[in-house]
Number of protein chains: 2
Amino acid sequence: MLSNTEENYLKALLYLTTDEAGKKEAGTNDLAAHLGLKPATVNDMLKRLKEKAYVSYKKYGKITLTRAGRDIAVFVMRKHRLWETFLCEVLAFSWDEVHEVAEQLEHIQSDKLTERLDKFLNYPDYDPHGDPIPKPNGKMPPRATTLLSSVAIQQSCTVAAVKDTSSVFLQYLEQLSIGIGTKIRVMEKISFDGSVILQVGKEKITVSEKFANSLLVD
Amino acid sequence: MLSNTEENYLKALLYLTTDEAGKKEAGTNDLAAHLGLKPATVNDMLKRLKEKAYVSYKKYGKITLTRAGRDIAVFVMRKHRLWETFLCEVLAFSWDEVHEVAEQLEHIQSDKLTERLDKFLNYPDYDPHGDPIPKPNGKMPPRATTLLSSVAIQQSCTVAAVKDTSSVFLQYLEQLSIGIGTKIRVMEKISFDGSVILQVGKEKITVSEKFANSLLVD
DNA sequence: TATAAAAGTTAGATTAATCTAACTTTTATT
DNA sequence: AATAAAAGTTAGATTAATCTAACTTTTATA
Ligand SMILES: [Mn+2]
Ligand SMILES: [Mn+2]
Ligand SMILES: [Mn+2]
Ligand SMILES: [Mn+2]
């Protein structure tokens, strides 16, 4: 059985080598930065994970997850997102508070618990941030890919996910009464700095380009 | 912040030095046996816990929890029992399956989670085994103390708690349709071997002395 | 292409948690 | 009280996970 630490490495690798982080390959430094560790530390751990056949790489080369490694990482991600959903929907946590606790809960080892939790939550497809929750077979519901910034003027859309899950951003969204499912109409784009003027409910608000690049919509 | 391991030592000490285990004092060997470790290992850890002022003892002497140590142990126990209750009541686990998972969940660090869980469960006083759940202030609801074996003939009583939480016993109780709250009438006691004949619902059943010493009643 | 910068690796150290084997102190039994 | 047994401690080793400092390889750029 894997340690929490090993699971965290695999999860970080999954993140770094999938769409989310942009790139398809990950190196020692990327991992170290993502996990808040030193490259030397990561290098040691990678040797162990390679030994156990969870990752694959050659000296000085890029790192990829093996099938076994990816399966574990996906399962940890499944647990993380199910717990985040539980915390929000059942225990009334706000969406900026759940991540830290889910980081711990994702390591609880009990298949029965995971499956019962999934059932209790009525088999959700997305977590509170709009991220897809992997199914028991490892398949993922489709992830929204359209950025708010790419929506044409006068078009309407629905918030599907947040690309940035930092507390500051999530709390700002809260303040603007924007959440998953909120309808937004793009009114105007300012060429000068990329700002966008949106219609949200009865309110007209102006947001930055950075903001418009951090929201995914349908 | 304490490691899971340290929390387990403190919880074991709480158990060993309270009513439950009979004795009031605990030694290195007791602790080692209870935790499935070697005395040498426990000795090392005790030095660290003493250093951190969670336990108190002198060389070759008996060990006791300090106020700080006991507070932590009680809080871990609170979490353990709340999670067991959650697993049974909300996720439909049976009472012989919850302990193992609760052993993991009891170490999740989030006061907010604990308090929200308590609220969600409607502030339960007892866990699925009839053990009292400590309140946030550390106070415990009263624990049942009457053994089924001490109930007089022709007296009726209600099952309040199990003294033995092993799977075999819990599953046996299940099979006999006996759970917390079940009404039992003591019909007869066999002097030869201490067996007891009980009336449970419409059934008349005979149980061993060991059995009668493992159930607590009101 | 030569060299500097970035990325990755190795060596050596530290801390927590565990073990075995040997030793010391306390307690129980003759 | 003497001695045997039990309980507790110490010494020395191991493994996982981390670090710093120094070194090597790869990549970028002048
Ligand atoms: Mn984690
Ligand atoms: Mn999430
Ligand atoms: Mn535990
Ligand atoms: Mn219990």
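A note on names: the letters A, B, ... follow the listed sequences, proteins ahead of strands, and every chain is numbered from 1.
A centroid separation of 6.0 Å or more is found between the aromatic rings of A:Phe86 and A:Phe93. Less than 6.0 angstrom separates the ring centroid of B:His99 from the ring centroid of B:His80. Annotation: A:Tyr54 is not in aromatic contact with A:Tyr9 [ring centroid separation under 6.0 Å not met].
At least one side-chain nitrogen or oxygen of A:Asn29 sits closer than 4.0 Å to the OP1 or OP2 atom of C:dG8. Within the 4.0 Å cut-off from OP1 or OP2 of C:dT18, at least one side-chain nitrogen or oxygen of B:Tyr9 is found. Put simply, B:Thr28 has a side-chain N or O that comes within less than 4.0 Å of OP1 or OP2 on D:dT9. Neither OP1 nor OP2 of D:dT15 sits under 4.0 Å from any side-chain N or O of A:Arg48.
A:Thr41 comes within 4.0 angstrom of a nucleotide base, judged by non-hydrogen atoms across all strands.
Near DNA chain C, meaning a heavy atom under 4.0 Å away, the residues from residues 57-66 of chain B are B:Tyr60.
In this structure, B:Lys50 forms a cation-pi arrangement with B:Tyr57, its terminal cationic atom sitting closer than 6.0 Å to the ring centre and no more than 45° off the ring axis.
Closest approach to the B:Ala40 side chain among C:dT20, C:dT9, D:dC19 is made by C:dT20 (side chain taken as heavy atoms from C-beta onward). Closest to the side chain of A:Asn43, out of C:dG8, D:dA17, C:dC19, is C:dG8.
Fit an axis to the five pairs at each end of the helix from C:dT1-D:dA30 to C:dT30-D:dA1 and the two axes sit 0° apart, to the nearest 10 degrees.
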